[in-house]
Asks: 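My questions all concern the structure below.
Each ligand, and each atom within it, is numbered from 1 in the order the structure gives.
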Amino acid sequence: MIKKFSYGSPFDTEAAVLQMEAYRGNPSIGTLMIDNTFTFSYEMSKDTAVYGLGEANRGINKRGYIYESYCSDDPHHQEEKRSLYAAHNFIVIVDKKPIGLFFDYPGKITFDIGYTDYHRLTVTTPTADITIYEIDGNNIYDIVKQFRGLIGPSYIAPKFAFGYGQSRWGYKTKQDFYDVLSGYRENGIPLDMIYMDIDYMEGFKDFTINEDEFPDFTDFVNDMKKNHIRLIPIIDAGIKIEDGYDVYEEGVLHNYFCKKEDGSDFVAAVWPGYTHFPDFLNKEARDWFGLKYKFLTDMGIEGFWNDMNEPAIFFTPEGIETVKKACENFIKADTTVQNFWGTGGEFDNIKNWAEDYARFYHNVDGKMVVHDKVHNLYGFNMTRAAKDGLDKIMPEKRVLLFSRSSYVGMHRYGGVWTGDNKSWWSHILLNLKMLPSLNMCGFIYIGADLGGFGCNTTSDLLLRWLALGVFTPLMRNHSADGTRYQECYRFEDINSFRAVINVRYRLLPYIYSEYMKACLNDEMYFKPLAFEYPDDMIARETETQLLIGNEIMIAPVYEQNASGRVVYLPEEMMLLKFKNDGSIEEKNLQKGHHYIDISLDEVVIFIRSGKCIPIAAPAQYVDAVDQNSIVLHGYKGASYILYDDDGITANPDYADNIKTYFV
Ligand code: MIG
């Protein structure tokens, strides 16, 4: 059952789609402190676990740290970070019985989950205008399913988006893209998408193409499609201030940009230099921006990634003034260590600066709302604008769309990638641990930058990361300009890369089928062992393995120089090892701990007791996966319900598209 509580006068975030009566009293657990601020406080027992928070740092069980939802463009995801790019304020507290709590609040909100006091959970907001949904249910899945019903159905990606994609910030010329195509095809490594980062634009202006490099963009897009490659361009939040640029001029004319208190358009610098921010909380501005995507869909584009939509701010004119004053003072003052550090720090201080977020306003149904109070809704509404626009442009078709920043509710409009991670071994695990929490909040089309975005990758790190990426709906290798190149064909052991990525295509019928079931039935695709085996103390604490769909478990290798790993089986399972030569080794294993050898060119899965899965022959791209090549692997007497459809028609129906297979 879901119960809604509302305090003060909360902003309508539109995260929830179900309307219900709101109560004023106390939720059934915890205590409230309401003055100018709001605090929910709950005493945890020794064994209490807390799950959720979607795209957030640290473990699957969130206990023992403090998290802040305030969408932040911070590319350094070390262990102490409290905020990443998203705000997913849903938790499930598991004590004797689980309780779900969604704190629907669009500004900064803090979850102290046993950080200050290991036995206390406190959730705090700076104003006391908040809505809370309390959900009780039989188990965690039941609570998640009810929550998903509350927030509405998940975005459904087209099937081509389940292929493997290559990306890199720094591809500039047509030749750069053709080099990627030939690098993959000539080496027989599957590929379906190449991503276009900001350099395809003219001067980083959204909805423009650099005509010098791409004089015949439509032909280029079509030629790539003939090679079974979709180009997926990036769209940034900020619109360059430049006379003659239509998007800028229309935005100014119709008051579609965020304003300062004095009514002027707010100015902030991002890649194009000074820009204005479209007011995505204003419906008219959303409608306008969404239809701009037509510029690219008219040229054959079928997918986008929305970036910089926290929104990220490098600096504002006000910030620059502050820095300049600090520099002037530095020049005049004695050179002390304090002055040196203090002045240098000002440069960092004005990036994504709180004072700037308090300086601009949204027009929400005619009312001016200061940005920092609704900060976490910006990326959500950018992607909503895009999806609503694309639905008007191509109502019958699914489009690939994912965003960097998000809030609960954005899962109806697109997927997410988890932003600028690094080529660190620890980030394989961070990637893995975010996946189920994101699913809890309805984000199913998700993935991380495989191989790591920042820093320099190594071939073994990339191989191990790809072996996890095989199972993430978004399987994209992406890296930052200036880092070591990490396209698979750049390394010596190309056969190993081919072998690992082949597994993705062999498992595609299963991955797509389980993804669609999760979307269409409000279920989880990535499940922690703790959710499935709540009475198994070891399973409850196993955070380096996941269940994928209903049939399999994975246990990726996440340490360098490891030739395998210890895997915990909470029940008897059948190991399947995909070998480099295309063969599949099978072995039944008893419940308990096992050391499993997994070399760099292998992928291992575990089929759950009594189940089976479909496996196809390898293919170079999604359309070439041959349904007739499907063979069932798993337990004798098992059956599998396969979901499949044309992969592109919007609003597919579950019942129309399932077929049962028997071993
Ligand atoms: O300030 O477009 O997270 O994926 O490559 C960096 C350049 C801007 C951040 C994104 C990243 C992308 C990069 N962008």
Side-chain angles (χ1 to χ4, degrees), residues 55 71-77 81 83-86 165-172 176-177 180 193-210 231-240 268-275 277 296 303-316 319 347-348 350-353 356 378-379 382-383 400-406 410 414-424 427 430-431 434 446-457 465 469 472 474-487:
E55 183 181 324
C71 301
S72 312
D73 173 24
D74 178 345
H76 309 294
H77 310 166
K81 283 296 150 78
S83 292
L84 301 178
Y85 305 90
Q166 179 65 55
S167 185
R168 181 172 171 89
W169 176 14
Y171 296 154
K172 289 192 174 64
D176 289 338
F177 292 91
V180 174
M193 287 158 290
I194 308 178
Y195 287 79
M196 309 189 86
D197 209 315
I198 47 176
D199 296 296
Y200 79 87
M201 301 180 206
E202 181 201 308
F204 308 126
K205 286 180 290 188
D206 281 343
F207 313 116
T208 69
I209 301 280
N210 177 347
L231 292 169
I232 312 293
I234 195 170
I235 300 292
D236 278 6
I239 297 298
K240 184 177 171 114
V270 260
W271 290 109
Y274 279 128
T275 67
F277 290 151
L296 287 151
F304 300 91
W305 45 312
N306 284 343
D307 191 20
M308 304 297 275
N309 50 7
E310 293 67 34
I313 297 178
F314 294 164
F315 56 83
T316 58
F347 283 83
D348 266 339
I350 64 156
K351 290 181 202 155
N352 308 314
W353 195 21
D356 285 331
Y378 194 78
M382 176 185 185
T383 299
L400 172 57
L401 181 63
F402 58 92
S403 174
R404 193 170 69 176
S405 186
S406 60
M410 202 209 82
V416 293
W417 95 101
T418 51
D420 299 345
N421 58 12
K422 296 202 197 285
S423 299
W424 293 344
H427 276 189
L430 182 61
N431 178 180
M434 281 189 213
I446 54 178
D449 290 350
L450 302 174
F453 174 77
C455 305
N456 298 311
T457 205
W465 211 328
T472 59
L474 168 63
M475 185 190 187
R476 181 177 77 143
N477 173 339
H478 181 50
S479 56
D481 203 6
T483 61
R484 180 179 185 177
Y485 286 102
Q486 62 187 47
E487 296 81 5

Asks: Short N/O distance, under 3.5 Å, between Arg404 and ligand 1?
Replies: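 Yes - when backbone and side-chain N and O of Arg404 are compared with those of ligand 1, one distance drops under 3.5 Å.
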Asks: Could you tell me whether Asp236 approaches ligand 1 through its side chain, its backbone, both or neither, with non-hydrogen atoms closer than 4.0 Å?
Replies: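 Neither part.
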Asks: Does a donor on one side chain sit under 3.5 Å from an acceptor on the other, for Ser423 and Asn456?
Replies: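 Absent: no donor and acceptor within the cut-off.
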Asks: Could you say whether the N/O atoms of Asp307 and ligand 1 ever approach to under 3.5 Å?
Replies: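 Asp307 vs ligand 1: N/O contact under 3.5 Å present.
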Asks: Is the distance between the ring centroids of Tyr274 and Phe315 under 6.0 Å?
Replies: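 Phe315 vs Tyr274: aromatic centres under 6.0 Å.
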Asks: Hey, which atoms in ligand 1 end up nearer than 4.0 Å to a heavy atom of Trp417?
Replies: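 Matching atoms, with element in brackets: 3 (O), 4 (O), 10 (C).
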Asks: Looking only at atom types and distance, does a side-chain atom of Thr472 sit under 3.5 Å from a main-chain N or O of Leu474, one as donor and one as acceptor?
Replies: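 Side chain of Thr472 to backbone of Leu474: a pair is present.
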Asks: Counting each atom of ligand 1 from 1 as listed, which ones have a heavy atom of Ile234 under 4.0 Å away?
Replies: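 Near Ile234, the atoms of ligand 1 are 2 (O).
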Asks: Might you work through the side-chain hydrogen bond (donor to acceptor under 3.5 Å, both in side chains) test for Asn477 and Glu487, ending with a clear yes or no?
Replies: CA-CA 7 Å; Asn477 173 339; Glu487 296 81 5; over 6 Å; no
Asks: Is there any N or O on Trp271 that sits under 3.5 Å from an N or O of ligand 1?
Replies: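 So ligand 1 has an N or O lying under 3.5 Å from an N or O of Trp271.
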Asks: Taking only heavy atoms of Met308 into account, list the atoms of ligand 1 that are under 4.0 Å away from them.
Replies: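 Result: 1 (O), 8 (C).
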Asks: To the nearest 0.1 Å, how far is atom 7 (C) of ligand 1 from its closest protein heavy atom, and which atom is that?
Replies: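 For this ligand atom, the closest protein heavy atom is Asp197 OD1, 3.2 Å.
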Asks: Does any donor atom in the side chain of Thr457 or Arg484 lie under 3.5 Å from an acceptor atom in the other side chain?
Replies: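 No donor-acceptor contact under 3.5 Å links the two side chains.
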Asks: To check your reading of the model: name the closest protein heavy atom to atom 4 (O) of ligand 1, its residue, and the distance in Å.
Replies: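 That would be His478 NE2, 2.9 Å.
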Asks: With backbone taken as N, CA, C and O and side chain as the heavy atoms from C-beta onward, which portion of Tyr85 lies under 4.0 Å from ligand 1: side chain, backbone, both, or neither?
Replies: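 Looking at Tyr85 and ligand 1, no heavy atom falls under 4.0 Å.
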Asks: Find out whether the Lys NZ or Arg CZ of Arg476 is both under 6.0 angstrom from the six-membered ring centre of Trp417 and within 45° of the ring's axis.
Replies: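 Checked: cation-pi criterion met.
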Asks: Has ligand 1 got any nitrogen or oxygen that is less than 3.5 angstrom from a nitrogen or oxygen of Asp420?
Replies: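 Yes.
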Asks: In plain terms, say whether Lys351 and Asp73 are close enough for a salt bridge, that is, a side-chain N and a carboxylate O under 4.0 Å apart.
Replies: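 No, Lys351 and Asp73 are not salt-bridged.
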Asks: Tell me, please, whether Tyr195 has Arg168 positioned over its six-membered ring: NZ or CZ under 6.0 Å from the ring centre and within 45 degrees of its axis?
Replies: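 Because its charged atom misses either the 6.0 Å distance or the 45° angle limit, Arg168 does not stack over Tyr195.
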Asks: Would a 4.5 Å heavy-atom cut-off, applied to side chains only, mark Met196 and Ile234 as touching?
Replies: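 Heavy-atom side-chain distance check fails, nothing below 4.5 Å.
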Asks: Ligand 1 and Trp169, any nitrogen or oxygen pair closer than 3.5 angstrom?
Replies: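 No, Trp169 has no N/O under 3.5 Å of an N/O on ligand 1.
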Asks: For Ile198, take its heavy atoms, then give the atoms of ligand 1 lying under 4.0 Å from any of them.
Replies: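 By the 4.0 Å cutoff, the relevant atoms are 2 (O).
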